[in-house]
Amino acid sequence: MNQTINITATATVATIDIEGTIGATGSGDAVTTYESLREKLAQIEALQTPMVVVNIRSVGGDVADALLIYEALVSLDAHITTRCYGYTASAATIIAQAANEGCREIAQSALYLIHNSSCATEGNAVDLAQQAALLQKTDERIAAIYASRSGRDAAHFAELMAKNGGDGEWLSPEQALDAGLVDVIIQPASKASVSLIERISSWLGIKDKRVSHPSPTADRINLSQLNRLCTPITLAEGQQSVQKSTTVEVEDPDFEGGTISANATAYNKDVAAFMNY
């Protein structure tokens, strides 16, 4: 797995791929860190991109970097969608909370894990006690972030994190949705995007006149996005595409001197015959 951050940006949408270990490992390998993200986010801010999609494929890593990345994404002046794939665990789930309301997505084949924070340390009793206190505060902070993005009580997430002696448990997309950790279960991104565009194009009768842009979510779209799916045309082009109105003669039995239908003629004869009876 590539342990890096990749960003593809246009004037309308930026895609951020977060993969591998989060935070420095000390091994010299390229990793997903706040430092590596900060410069790339500056590019997005310079473009003033209105939509950002964050694809996450990571089993976690350093909580400090995850918190910094979370804060950096939240501070962007853009609509944020996070999409989790494969194993999404630990610190990676913190980054996944940076989405706008209702836009924390997870692939239907993914697995999701939250757990208590842990560390490797040594020292005397005082050192260990201080480290234990820091871990407890870290767990409280992480649970509060989960709660703030879902509207549920932090105690609910603290309980999930503390399962199996603090190791948590792997959740299916349905379980993660039920727990309030994600908002939407999606098909693979490419299928979801194509399907959405095809449906909208069908509604609007668009043929070969659409520009494909990722949507904030698999099943959400607003008026500005609909406008971007259509290729603008000039007034003259629009007038040329409209056929002239035409008129045809119609029968009007009430119009004096007009054409009388066979049915009307027969009816009049019946009335005359009745009146002369």
Side-chain angles (χ1 to χ4, degrees), residues 1 5 13-20 22 32 37 51-61 63 65-67 69-74 76 78-117 139-164 166-193 195-196 214-222:
M1 177 181 291
I5 295 176
V13 63
T15 301
I16 303 175
D17 295 318
I18 295 180
E19 300 182 338
I22 296 171
T32 297
L37 177 71
M51 294 188 294
V52 176
V53 177
V54 185
N55 297 317
I56 302 172
R57 304 173 182 87
S58 171
V59 292
V63 174
D65 271 274
L67 289 171
I69 293 172
Y70 165 82
E71 294 293 348
L73 290 172
V74 169
L76 284 178
H79 185 287
I80 307 293
T81 297
T82 57
R83 292 175 178 162
C84 298
Y85 299 95
Y87 285 175
T88 301
S90 191
T93 66
I94 298 173
I95 299 174
Q97 306 306 309
N100 281 61
E101 182 179 355
C103 296
R104 299 173 301 167
E105 301 179 352
I106 185 171
Q108 65 175 16
S109 59
L111 287 173
Y112 204 92
L113 171 68
I114 64 173
H115 60 77
N116 285 346
S117 57
D139 292 341
E140 292 172 0
R141 181 81 294 248
I142 295 172
I145 290 175
Y146 293 144
S148 68
R149 308 310 293 181
S150 68
R152 300 195 183 188
D153 194 281
H156 164 71
F157 297 100
E159 182 179 349
L160 291 176
M161 294 164 61
K163 285 189 173 183
N164 296 316
D167 290 336
E169 65 179 6
W170 287 99
L171 304 175
S172 68
E174 291 77 15
Q175 290 173 320
L177 180 64
D178 184 63
L181 291 164
V182 300
D183 301 309
V184 181
I185 300 173
I186 59 170
Q187 296 285 340
S190 59
K191 291 184 179 179
S193 298
S195 175
L196 178 62
S215 61
T217 67
D219 291 305
R220 293 181 181 82
I221 194 146
N222 55 38

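Start at 1 with the first residue, then count along the sequence.
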>> Looking at every heavy atom in both Ala179 and His156, which two are closest together, and how far apart are they?
In response: O-NE2, 2.9 Å
> Which pair of non-hydrogen atoms, one from Ala96 and one from Tyr112, has the smallest distance, and what is that distance?
Replying inline: CB-OH, 3.9 Å
>> Looking at Ser58 and Gly20, would you say the former's side chain and the latter's main chain have a donor-acceptor pair under 3.5 Å?
In response: yes
> For Ser90 and Gly60, which heavy atoms make the closest approach, and how far apart are they?
Replying inline: CB-CA, 4.0 Å
> What distance do Asn55 atom CG and Glu19 atom CD have between them, rounded to the nearest 0.5 Å?
Replying inline: 8.5 Å
>> I need the minimum non-hydrogen distance between Ala143 and Ala158, along with the two atoms involved.
In response: CB-N, 4.1 Å
>> Give me each pair satisfying side chain to side chain donor-acceptor pair (under 3.5 Å) with a member in residues 141-151, each pair once, sequence neighbours excluded.
In response: Thr93-Tyr146
> Say you draw a straight line from CG of Asp183 to CD of Glu105; how long is it, rounded to the nearest 0.5 Å?
Replying inline: 8.5 Å
> Taking all atoms of both residues into account, what is the closest heavy-atom pair of Val13 and Val53, and its distance?
Replying inline: CG2-CG2, 4.3 Å
> Quick one: does Leu181's side chain get under 4.5 Å of Ile114's, heavy atoms only?
Replying inline: yes
> Do Asp17 and Arg57 pass the side-chain contact (heavy atoms from CB on, under 4.5 Å) test, and can you show the C-alpha distance, the side-chain angles, and the key distance before you say yes or no?
Replying inline: CA-CA 8 Å; Asp17 295 318; Arg57 304 173 182 87; 3.9 Å; yes
>> Between Asp178 and Leu171, is there a side-chain heavy-atom distance shorter than 4.5 Å?
In response: no
> Would you say the side chain of Ile22 lies within less than 4.5 Å of the side chain of Ile94, judging by non-hydrogen atoms?
Replying inline: no
> Atom CG in Leu67, atom CD in Gln97: separation rounded to 0.5 Å?
Replying inline: 11.5 Å
> Side chains of Thr82 and Ile95: closer than 4.5 Å at any heavy-atom pair?
Replying inline: no
> Roughly how far, to the nearest 0.5 Å, is the CE atom of Met161 from the OG atom of Ser117?
Replying inline: 6.5 Å
>> If I compare all heavy atoms of Ala92 with all of Ile56, which pair ends up nearest, and what's the gap?
In response: CB-CG2, 4.0 Å
> His115 side chain to Ala89 main-chain N or O, any donor-acceptor pair under 3.5 Å?
Replying inline: no
> Is the number of heavy atoms from other residues, nucleotides or ligands under 6.0 Å of Glu174 CD greater than 12?
Replying inline: yes
> How far does CD of Gln108 sit from OG of Ser172, to the nearest 0.5 angstrom?
Replying inline: 11.5 Å
> Where do Tyr85 and Ile186 land on the side-chain contact (heavy atoms from CB on, under 4.5 Å) test, with the steps shown first?
Replying inline: CA-CA 10 Å; Tyr85 299 95; Ile186 59 170; 4.2 Å; yes
